[in-house]
Every structure is written in structure tokens, then in C-alpha cells.
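Letters A, B, ... are given to chains in the order of the sequence lines, protein chains preceding strands, and every chain is numbered from 1.
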Number of protein chains: 2
Amino acid sequence: MKDNKNLRPIWQDDDPDSVKIIDQRFLPHQFVTIDLKNVDDAIFAIKEMCVRGAPLIGITAAYGVYLAALSLQYNPAGDDFITGEFLRLKAARPTAVNLAWAAERVLNRVLSATGIQNKIESARNEAGKIAEEEVDNCRNIGLHGLEIIEEISRRKAGRTVNILTHCNAGWLACIEYGTATAPIYAAYDKGLDIHVWVDETRPLNQGARLTAWELGRHGVNHTVITDNAGGHIMQHGMVDLVIVGSDRTTSTGDVANKIGTYLKALAAKDNGIPFYVALPSSTFDWNLSDGVKEIPIEMRNPDEVRYLQGLDKDAIRSVLIPPAGSRAANFAFDVTPARLVTGYITERGVCDAAGIRKLFPEKI
Amino acid sequence: MKDNKNLRPIWQDDDPDSVKIIDQRFLPHQFVTIDLKNVDDAIFAIKEMCVRGAPLIGITAAYGVYLAALSLQYNPAGDDFITGEFLRLKAARPTAVNLAWAAERVLNRVLSATGIQNKIESARNEAGKIAEEEVDNCRNIGLHGLEIIEEISRRKAGRTVNILTHCNAGWLACIEYGTATAPIYAAYDKGLDIHVWVDETRPLNQGARLTAWELGRHGVNHTVITDNAGGHIMQHGMVDLVIVGSDRTTSTGDVANKIGTYLKALAAKDNGIPFYVALPSSTFDWNLSDGVKEIPIEMRNPDEVRYLQGLDKDAIRSVLIPPAGSRAANFAFDVTPARLVTGYITERGVCDAAGIRKLFPEKI
């Protein structure tokens, strides 16, 4: 763990046999960390959302392959074993494409290295390299997104720029800076007057719990609202732009992101408010062209809808909301069609849907 | 209280000096009733949302004027006193127009009656009359709305008709049948195969707590979802129609309803799904023509967003969601422009926005 100012959600300390994470399930009320010691630990952390957010899921899976490589010392099955562990990691969650992308990068390094120590070292290096690349990506997303906020600030003659975000696409979802939050932090650090509307983001409240915590730590002026409120405040001129992250974006610009994102995109469109998606290129799925039809949407445990966890005095408790006999359904993501997206803020710059191909010509 | 099968949310028993209500804050986990003995009790019940829903707020305020009339026995100020009490009741909540409408009807009867006993009797009669009129209205809304569901059921050759509703516009919000739920109960009672998606409706979860409880008691197949989920399920053909209630509707058809309704209307429009508003004519505000500009939107205590109440074993507890230092804002309603509404299901029949004037020619 780095010092209190420079936390990361995943890191290695001097112990080469484990990877540390913040267990985000208990934030903001309790700061808990976990040592991941094997692939099962990594899968648990991803599935149970101790870690979440597309870039962080990818890096956790990358380190998961490293943890698998470590066990080569005691496991004679070698490459077949590693490939099997990779496949188990890949299946941990279905929607974010970063998971398969990052884990596969590490897998390929392990498979092409010779000798157990080399395989382990190459896995560790590659996982670390992906993490640092994502930090660079997020820093660049911040710089490109900053220009958008600066332009609005100029147009408003320095009056407060109101930004709405959904879920948490902050450093907790990445490594540093975040995706959707990177332009926000950059604008704040530059002294622009900004205010962030934080959608609470049911069912797991990553907005109210994580984004509010991040912004508060950084000193950014923010207000938590229900997911229902965004349309009303857009109708009344209280939002200047929307920035969200993405879990998977098609080459045509359709965006899978936390459930409810689509509703905010519709409201932004209806009120003429720019709607931006901030994402590193690792979040693009270059093979897909129709997000609504092709991106698999995870169904999670309905109890995440039925129960809600929060702080009661000093204890974290879960309380039941609906009648015990009522069924619930838990759709974790939705897809926002490209026609509703003003622009994509990537590490290479900002583009519209048609511009994705131009910005990443080598990918398509 | 009527028997368990025929509960009403407000009623009088043999005691003429009080009015009984279900304290809806504790449903579905605890069934609590309150005796309203004076105007302060009625104002508390309305403000604190022991009772909620436009028709029920109206009837509670109507009985509030009756409770004020009762105290004429001990208060020499007479009509001025009653008018003052009416004004206090009217100010209890700003958005639902039924409140002023119903309370004023009772006030006018009290003012025109002579003698304290006559004033009391006329108040009681008028409040009871309004309640029975709303029961009739809801019954007729059910019959008219049933035709819409039957038509969809025919088109689907009897396969399940999936209806999405937001908040609670059930009998708990009215007296019997409800508004948005009246067609649902009518369809269920007629043996149609229906299933209801119940938006949980943050912050106070009237969907998850109240609508799910109502539907479960009646035997109607239903599933609780987060407010974020509606767009996704509409994109994927899982919703055949949306029916919501209203707190105030302009003569031009703009609909103030629970915060988040507008987002569902946008999603319905985007996916070609019919979006209906079920309302008794008491919910129309014939003086207004631009809902977004003219309907006052209540701001409630931000702690309703920051804390969530639910069941922990046998006790109802409130848990804190965001960091203690994060600010929240609590917009209680939003306005859905008429252009997004397929039709209005009223006690006189179903019409589109242009048809409101034809259905209620005496009002405009």
C-alpha cells in the first residue's frame, strides 16, 4: 500500500508471493485490505466485487495469471495448468472486456517464456507493465478531458461547471486518476470551479460509496443524488456535461457500462447536454459492432438488489428492502448506443463514434 | 380498519374524534397504524410520508380540515381558524395538487355551513364523499386501463404481458384499486397472464416496499428491479407497457410524478413502448400549461438519500450509504413532458394530451 495520499487499489509489497488489494465492498465506512495468494483469491475478489471497474478487473486478472505462474513451482502440469487457470479467471465476470485482454497478455508471456522462474518473472513484469500503462492512459484521458471542461468553464465565464457521473470510474476502478474522474481531478488541480453530481448507483452504490469517497478525499465539491434524479437536474440547467466510464465499448461506439448509464444518456440527449465516455483503449472490443445485441450483460445475485449495506453506528449491516417473498432481478450493466454519445475521451484524444477508427487505425 | 382483505390506507372507525391511517413508513416489514387526532397529526402524517400518493394526500388533508372543524367546539375563532388550518395543511407538501383541491372542497363546505355541529358534519361528509369518489375513479381507471392490457395480451396471443411501474400508485396511494395498479389488478382478476417490473424507487423505495407488498398480497407476479434497470429491459423486449401515476398533471399533459419517471418515459419512447399515466381528474391542475416551468418540485431532507431503512433480523434500521462528510440532494419529483406520454388513463376514459380537453370540456 502506498501512503495515504497515493493509495492504489492493487499493489505488491515486498512479499513476492501475494498481491494486495483494497476490499472495496466496505468503503467508505471501513478500510479493509486483502492479500491475494492464489487464483481462487483473485477470482473471489473479482466475482464478489472486492475489486471492480474494467481496468482494475483486468489488472487483477493479470496478477491472477501471475499467481497461477507462482504455483508452477509445485505443479507439474505447466502450460496446460496456466491456460486452465487463465480460462477460470476469464470466466469470473462476463461484461468487461479488459479482463480477458489483460489476462491473455500475461498468459502469452508465460507461455512463450521458458523455465519456471522465467515464466513467473515474465508474468509479474507483464502484469506490472499493464498497470503502469493504464496509469499513463488515465493520465492522458485526464489531459484530453480537461480541455472539454476548460472550454465549458470559459463559455460559462468561470462559473461552476456541473458534471454528472454514474457509478465509479475513479482511481478505485483503475490504478490512478480513474477514467471518468481523470478530467475532473485535472480540472480541480488546475483550479477550475467544478461541482460533481454523484449518482448513487444502485444496487451496490459505487457512486455514493466510492466516487463520493474519492472526490471527498481529493477535496472536490460534490453532491450525492439518487439515480432517479439526473433527468430532473438536466431539465433545469444544473448539469453542463456527463462523463462516465465503460466496461466494454464496440468498435462502433456502443458503450456497456453500469446499469442506468443508458437512462442518463437519453436524458442528456433530450436536454442537449454533452455526454462523454472516458475509456482507455483496453476497454474497446474491436470485434463487436452492435453493443445491444452482442455485449453479454451480467446477471448478478438478486440479493444485491433486495439487501442494502451501510453503516449503523459503528457496524456495517445489511438491511432488507422489499417484502421477503418478493423476487428481484439484478441486471448489472446496460448498453448506451453510440448515437447518444457526444464523444469518447481516450488516451489518444477525444473522438466521436465515427472517429474511433481514425484514432486507432491499427485496431480495425 | 377493514378486514385484512380490504384494507384502506385511511379510515374512520366508531371513534368520531380521530381518523386512522396505516403508517406506510414501516411497510412491508411492520404494519403500524396511527390515530390522527388533530391538524398537527395530519400535517405530520403528510410531511413525514406516513401517507403519500396524490389521492391519499388529498383525502388526508380533507380529513385534516374535518379534524380542524372538530376543534371548533373549543375554539372561538371559527371560520378564520378553519381557514388558517386549511392553509397550514395546504403547505404541508408542494407538488401534489390533490392536497389543495380536496382540502379546499371541505373548507368550502365548512365555511358555508352554519353552526358548529353542522360545520363538523359537513366536513366529515365531504371528506368521506371525496374518498368514495376517488374509489369510483380508481375503479373506472382500472376498467379503462384493462382494455389496453387486454389488447396487448391479444396481440401477444396470451403470452405474459410485462408491465413496468415506478413508485407506488396503488391502493396505498389512493383508497382502493390505486391508479397505475388499477388496470393491473383488473387484468389479474380477469385471469390475464401479467407480470409487473417494480422499480424500487429510491430514495424511499415506495416501489420495493409498497408496490411489491401490494402486488404480493394480491397474488400478482412481480419482480423488483433497481431504478437503473428499466432502460435495459426495455431495450431487450422485456417490457410491453409502462403505467405510472401522477402527482400533478397540467391541462396540456405534462406529468409531475416521483423522481425518475421522466427517465423511464425517455426509455419507453426510445424503444417504442407505450407509456401511460393513470390518474383521477383530481390530479389535473387546470391552471398550468408548462409542467417543467410551472410545477413546484419538492426538495426533501437529504438524509432520505444518505440513509436507507430496511429490516435487519427483526428490527427496522437505518444505514448510512455515502461518506459521512458527503452532501446529498433530494429532489422528490420530476416532470415528464406530454410529448413522451402515449395516453392518460382517467376515470372518463383514455386520451392523449390533445384529448384531455375533450374528455374534460367543463374544466378548460
Side-chain angles (χ1 to χ4, degrees), chain A residues 28-29 197-198 200-203 205 208-209 212-213 215-216 222-233 235-236 258-264 266-267 269-270 292 297 302 305-312 316-331 333-335, chain B residues 28-29 197-198 200-203 205 208-209 212-213 215-216 222-233 235-236 258-264 266-267 269-270 292 297 302 305-312 316-331 333-335:
Chain A
H29 305 303
W197 294 107
V198 178
E200 64 173 350
T201 319
R202 281 279 288 149
N205 294 313
R209 293 192 303 108
W213 183 73
L215 295 177
H222 66 281
T223 306
V224 176
I225 50 175
T226 63
D227 301 310
N228 282 325
H232 171 71
I233 60 177
Q235 275 180 327
H236 289 269
K258 178 59 53 194
I259 190 81
T261 301
Y262 167 50
L263 295 172
K264 294 303 142 63
L266 286 168
K269 186 78 163 184
D270 200 46
V292 174
I297 299 299
V305 173
R306 298 172 69 238
Y307 290 85
L308 185 138
Q309 181 180 281
L311 188 71
D312 174 35
I316 289 184
R317 291 182 197 276
S318 270
V319 296
L320 174 69
I321 306 168
S326 285
R327 190 173 50 224
N330 186 4
F331 305 92
F333 302 93
D334 62 21
V335 173
Chain B
H29 305 302
W197 295 106
V198 178
E200 64 174 349
T201 319
R202 282 278 289 150
N205 294 314
R209 295 192 302 109
W213 182 73
L215 295 177
H222 66 282
T223 305
V224 175
I225 51 175
T226 63
D227 301 310
N228 283 325
H232 171 72
I233 60 177
Q235 275 180 328
H236 288 269
K258 179 58 53 192
I259 189 81
T261 302
Y262 166 50
L263 296 172
K264 294 303 142 63
L266 285 168
K269 186 76 164 186
D270 200 46
V292 174
I297 299 298
V305 173
R306 299 172 68 236
Y307 291 86
L308 186 139
Q309 181 180 282
L311 189 70
D312 174 36
I316 289 183
R317 290 184 199 275
S318 270
V319 295
L320 174 67
I321 305 169
S326 286
R327 192 174 48 227
N330 186 3
F331 305 91
F333 302 93
D334 63 20
V335 173

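- Once rounded to the nearest 0.5 Å, the distance linking OH of A/Y262 with NE2 of B/H232 reads 11.0 Å.
- Only the backbone of B/F333 has a heavy atom closer than 4.5 Å to any heavy atom of chain A.
- Using a 4.5 Å heavy-atom cutoff, the side chains of B/S326 and A/H222 are in contact.
- For the options A/I225, A/V305, A/T223, A/D334, heavy-atom pairs under 4.5 Å to chain B are most numerous at A/T223.
- With a 4.5 Å cut-off on side-chain heavy atoms, B/L263 and A/L266 do not count as touching.
- Per-residue heavy-atom pair counts under 4.5 Å with chain B were compared for A/R209, A/K269, A/R317, and the maximum is reached by A/R317.
- By number of non-hydrogen pairs under 4.5 angstrom with chain A, the leading residue of B/T261, B/V292, B/I233 is B/V292.
- Residue B/D227 touches chain A through both its backbone and its side chain, counting heavy-atom pairs closer than 4.5 Å.
- For B/L215, no part lies under 4.5 angstrom from a heavy atom of chain A.
- Of the two parts of B/I316, neither the backbone nor the side chain holds a non-hydrogen atom closer than 4.5 Å to a non-hydrogen atom of chain A.
- We find the CZ-NE2 distance between A/F331 and B/H236 to be 9.0 Å, quoted to the nearest 0.5 Å.
- Contact tally against chain B (heavy-atom pairs below 4.5 Å) for A/G260, A/S318, A/P323: the top residue is A/P323.
- Side-chain atoms of A/N228 come within 3.5 Å of backbone atoms of B/R202 as a donor-acceptor pair (strictly under, hydrogens ignored).
- Here CG of A/N205 is found 10.5 Å from OG1 of B/T226. Values are rounded to the nearest 0.5 Å.
- B/H29 places a side-chain N or O within 3.5 Å of a backbone atom of A/I321 that can act as its donor or acceptor partner.
- Using a 4.5 Å cut-off between heavy atoms, B/P28 contacts chain A through its side chain alone, with no backbone atom that close.
- With respect to chain B, the highest number of heavy-atom pairs below 4.5 Å among A/T201, A/N330, A/V335, A/V198 belongs to A/V335.
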